[in-house]
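Nothing here was measured: the structure is a model prediction, and the numbers come from that model. Count residues from 1 along the sequence.
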Amino acid sequence: MDLHHALVLLNSTVDEVSTQFRRVPGSAILLRYVKNSYQNDPIRSVVELCLFLFAVRYLLAPRYSTKKKSMDLTEEEIDELVEEWTPEPLVALPTELEVLEEERRPIIAGPTGPKVKLMNGKTVTNLASTNYYNLVSNDLIKERAVQILRNYGVGACGPPNFYGTQDVHMDTEKEIARFLGVEECIVYAQSFSTISSVIPSFSKRGDIIIADRAVNFAIQKGLQVSRSTIRWFNHNDMEDLERVLAQVQQEQKRKPLTRRFIVTEGLFEATGDMPDLPKIIELKQRFKWRLILDETHSFGVLGRTGRGLTEHQNVDPSNVEMLVGSLSHAICAGGGFCAGNREVVEHQRISSSAYVFSAAIPAMLSVTAAESVKIIESNPDLIVDLREKTRLFRQQLERCEHITITSAPENPRLLFHLNREILEHKVIEDEERLLADIVEECMNSNIMIVRVKKVMDSSVTDFPKGRKFGWDCPPMLMASISVGHSKKDVETGGSVIRKAVGKVLGRLKK
């Protein structure tokens, strides 16, 4: 076939297709539309043609599944893959320091007290306990504990709202409320779970909490669980707290009203110092916020009769919406409490997870707590004696130029760290290892102290990634005083710590 015949055949074919297309209803309208569109905007016609062809192609395309096809493996191939697979460890391997401390960890044989006997047969002075008033060895408390154990058994075996509440629980709550001078009190079975449940029972997503950067780990978990908006102020910096309060007030203008809380501690677990409570009360009243005060380490310690920071700084307890405390430190029992007005307490009985879903505190510990409160209240000489021995011990430590004490003078739990200026002139690879060596030197001289440990990271911080959570304080050592220690024990303990610090630092290269 030559070119002429091919053109004739093509023209005839086009004429035939054109004739057949004109017979289709509406074809004239379509042709007129295309003709006018091409004359007015040819580019538009090209785009529409491309879209039409794409639609036709899409409709005619074969169907396919987005699911990945499974690979059929033989039994031998599966066994081979299983043998080659190495699971990741559930926890990281222990560090060299953790292995060392595990080897050195002292184990007490028998009851705890101002002096304890270890499994290796050695008797040491115990400066690693919060048994401030030596209530562990109190004969009256022992007798009451044995009596309650025989009458009530070893546990409640049920949550408070499901037949776990006993009459002694209600008596303890009334006793603590009376002691603190508030309307009501609720007792929890675990100290740690108290504050970490109190916070999320009141503060939810969308609410705002302003917290001190140095708050303890239990508070950190409570903030995290609450899913509230968390803002931070620098540790014990009242000017920074006022700045953050003013900033939040400005940001929340013309927004729906939310619940707002300030969270701080009576005696800080991480640093041992105390906040300016009257100033915090003044600020929270001016900006119309509520205050949650964690008195875990200050209840039974601060104040003329041990009522805590409110008594120590002459603040009316009714100005603090929630007073949270521990019954397992100075009180030497177990559990914790939250005290406040009736509405605050009753709300927790149905909405606080640690109260609703945990078994009630054993009756024996509940009565022990109430008896301990009565003993502290009726024996003010105990507090005077503890303060005096704390002062003597602090004087011994202050004679050491290598350390800095961060605890408040009234705090029998003394936290101290190595001076930064001295360490700048020493070659130190691991300061934590250095403190562990100081602890071991003290133990060799029959004095037991501890290195403060803390959780390094948390997901509820506004710090840059990789920064330690909370107050970025240096590694610390802790030593606690008890009224069960004699003055000689106190002076000897301080002297041994001074010598241990000097001896360990003396080994370092200059």
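- A pairwise comparison of heavy atoms in Ser351 and Val356 identifies N-CG2, 4.1 Å as the closest pair.
- Between the side chains of Thr404 and Asn419, at least one donor N or O lies within less than 3.5 Å of an accepting N or O.
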Run the side chain to side chain contact (heavy atoms under 4.5 Å, CB included) test on Leu135 and Glu371 for me, step by step, so that the C-alpha distance in whole Å, both residues' side-chain angles and the decisive distance to 0.1 Å come before the verdict.
CA-CA 10 Å; Leu135 296 174; Glu371 292 295 334; over 6 Å; no
Using the rule given for salt bridge (Lys or Arg N to Asp or Glu O under 4.0 Å), can you reason through Glu377 versus Lys374, listing the C-alpha separation, both sets of side-chain angles and the distance that settles it, and then say yes or no?
CA-CA 5 Å; Glu377 183 181 24; Lys374 294 176 183 177; over 6 Å; no
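- Smallest separation of non-hydrogen atoms from Ile292 and Phe261: CD1-CD2, 4.0 Å.
- Phe268 has its ring centre less than 6.0 Å from the ring centre of His235.
- Counting heavy-atom neighbours within 6.0 Å of Lys503 NZ, excluding the residue itself, gives a total of 12 or less.
- Counting only N and O atoms by type, the side chains of Ser486 and Asp489 include a donor and acceptor under 3.5 Å apart.
- Shown here is Lys174, whose NZ atom has no more than 12 heavy atoms of other residues, nucleotides or ligands within 6.0 Å.
- Shown here for Met170 and Thr165, the closest heavy-atom pair between the two residues is SD-CG2, 3.6 Å.
- For the pair Pro278/Asp276, a side-chain contact is recorded, criterion being any heavy-atom separation below 4.5 Å from C-beta on.
- Here CD1 of Ile447 is found 9.0 Å from CD1 of Ile449. Values are rounded to the nearest 0.5 Å.
- Across all their heavy atoms, Ile280 and Met238 have their closest contact at CG1-SD, 3.5 Å.
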Can you list, pair by pair, the side-chain donor-acceptor contacts under 3.5 Å of residues 408-416, counting residues two or more places apart and other chains?
from, atom 1, to, atom 2, distance (Å)
Asn411, OD1, Arg413, N, 2.9
Asn411, ND2, Gly272, O, 3.0
Asn411, ND2, Arg413, O, 3.3
Arg413, NH1, Glu269, O, 3.2
Arg413, NH2, Glu269, O, 3.2

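- Using a distance-only test at 3.5 Å, with no hydrogens or angles considered, no donor-acceptor pair links the side chain of Asn379 to the main chain of Asp381.
- Using a 4.0 Å cut-off between charged side-chain N and carboxylate O, Glu491 and Lys487 make no salt bridge.
- Within the 4.5 Å cutoff, no side-chain heavy atoms of Phe299 are placed close to those of Leu323.
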Show me the side-chain donor-acceptor pairs of residues 336-344 shorter than 3.5 Å, one per line, residues at least two apart or across chains.
from, atom 1, to, atom 2, distance (Å)
Asn341, OD1, Glu343, N, 3.2
Asn341, OD1, Val344, N, 2.8
Arg342, NE, Glu184, OE2, 2.9

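- One finds a salt bridge joining Glu282 and Lys279 here, because a Lys/Arg side-chain nitrogen approaches an Asp/Glu carboxylate oxygen to under 4.0 Å.
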Passes side chain to side chain contact (heavy atoms under 4.5 Å, CB included), Asn134 versus Asn138? Steps please.
CA-CA 7 Å; Asn134 198 24; Asn138 187 278; over 6 Å; no
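- A donor-acceptor contact shorter than 3.5 Å is absent between the side chain of Arg290 and the backbone of Met322.
- Closest approach of Ala330 to Val301, counting heavy atoms only: CB-CG2, 4.0 Å.
- In this structure, the side chain of His169 engages the main chain of Ile361 through a donor-acceptor pair within 3.5 Å.
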Salt bridge (Lys or Arg N to Asp or Glu O under 4.0 Å) between Asp437 and Arg451, intermediate numbers included
CA-CA 10 Å; Asp437 291 341; Arg451 181 175 66 87; over 6 Å; no
Could you walk me through whether Leu223 and Ile199 pass the side chain to side chain contact (heavy atoms under 4.5 Å, CB included) check?
CA-CA 7 Å; Leu223 299 177; Ile199 292 174; 4.2 Å; yes
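- Annotation: the span from Arg259 atom CZ to Phe202 atom CZ amounts to 9.5 Å, rounded to 0.5 Å.
- With a 6.0 Å radius and a threshold of 12 heavy atoms from other residues, nucleotides or ligands, Arg387 has its CZ atom above the threshold.
- You'll find the side chain of Ile383 reaches within 4.5 Å of the side chain of Tyr133, heavy atoms only.
- The closest donor-acceptor contact from the side chain of Ser196 to the backbone of Phe192 lies under 3.5 Å.
- Using modelled atom types, one side-chain atom of Glu311 and one backbone atom of Arg304 make a donor-acceptor pair closer than 3.5 Å.
- Checked against Glu265 for a side-chain contact (heavy atoms from CB on, under 4.5 Å), the options Asp212, Asn216, Asp273 give a single hit: Asn216.
- Remark: side-chain polar atoms of Asn234 are not paired, donor with acceptor, to backbone N or O of Asp237 under 3.5 angstrom.
- The pair Lys499-Glu441 fails the salt-bridge criterion, with no side-chain N (NZ, NE, NH1 or NH2) lying under 4.0 Å from an Asp/Glu carboxylate O.
- In this structure the side chain of Leu293 reaches within 4.5 angstrom of the side chain of Leu277, judged on heavy atoms.
- For the residue pair Ser352 and Ser201, no side-chain donor N or O sits within less than 3.5 Å of a side-chain acceptor on the partner.
- Below 30°, between 30° and 60°, or above 60°: for His297 and His329 the angle between ring planes is between 30° and 60°, a tilted geometry.
- Side-chain contact annotation: Thr271 with Thr406, donor-acceptor N/O pair under 3.5 Å absent.
- Atom-to-atom distance recorded for Thr194:OG1 and Ile219:CD1 is 11.5 Å, nearest 0.5 angstrom.
- Judged by the 6.0 Å and 45° rule, Arg243 forms no cation-pi pair with Phe233.
- Salt bridge annotation for Glu431-Arg420: present, with a cationic side-chain nitrogen under 4.0 angstrom from a carboxylate oxygen.
- Inter-residue side-chain proximity for Ser372 and Ile141 is flagged as met; some heavy-atom pair is nearer than 4.5 Å.
- Between Arg349 and Glu173 there is a salt bridge, since a side-chain N of the basic residue sits under 4.0 Å from a carboxylate O of the acidic one.
- By the 4.5 Å heavy-atom criterion applied to side chains, Leu327 and Tyr188 are not counted as neighbours.
- Here the straight-line distance linking atom CD1 of Ile262 with atom CG of Leu291 works out to 6.5 Å at 0.5 Å rounding.
- We find the OG1-CD1 distance between Thr258 and Ile209 to be 10.5 Å, quoted to the nearest 0.5 Å.
- The side-chain heavy atoms of Arg144 and Thr368, taken from C-beta on, include no pair separated by under 4.5 Å.
- For the pair Lys389 (side chain) and Val490 (backbone), a donor-acceptor distance under 3.5 Å is absent.
- With hydrogens and angles ignored, the 3.5 Å screen pairs a side-chain donor or acceptor of Ser326 with a backbone N or O of Ser328.
- Results of the side-chain contact (heavy atoms from CB on, under 4.5 Å) test with Val225 over Ser197, Pro200, Ser353, Ser203 single out Pro200 as the only residue that passes.
- Taking both residues in full, the closest heavy atoms of Leu382 and Val483 are given as O-CG1, 3.6 Å, listed atom of the first, atom of the second, then distance.
- Using a 4.5 Å heavy-atom cutoff, the side chains of Asn126 and Ser482 are not in contact.
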Side chain to side chain contact (heavy atoms under 4.5 Å, CB included), that's the test. Do Met443 and Leu118 meet it? Break it down for me.
CA-CA 11 Å; Met443 184 64 74; Leu118 305 181; 4.0 Å; yes
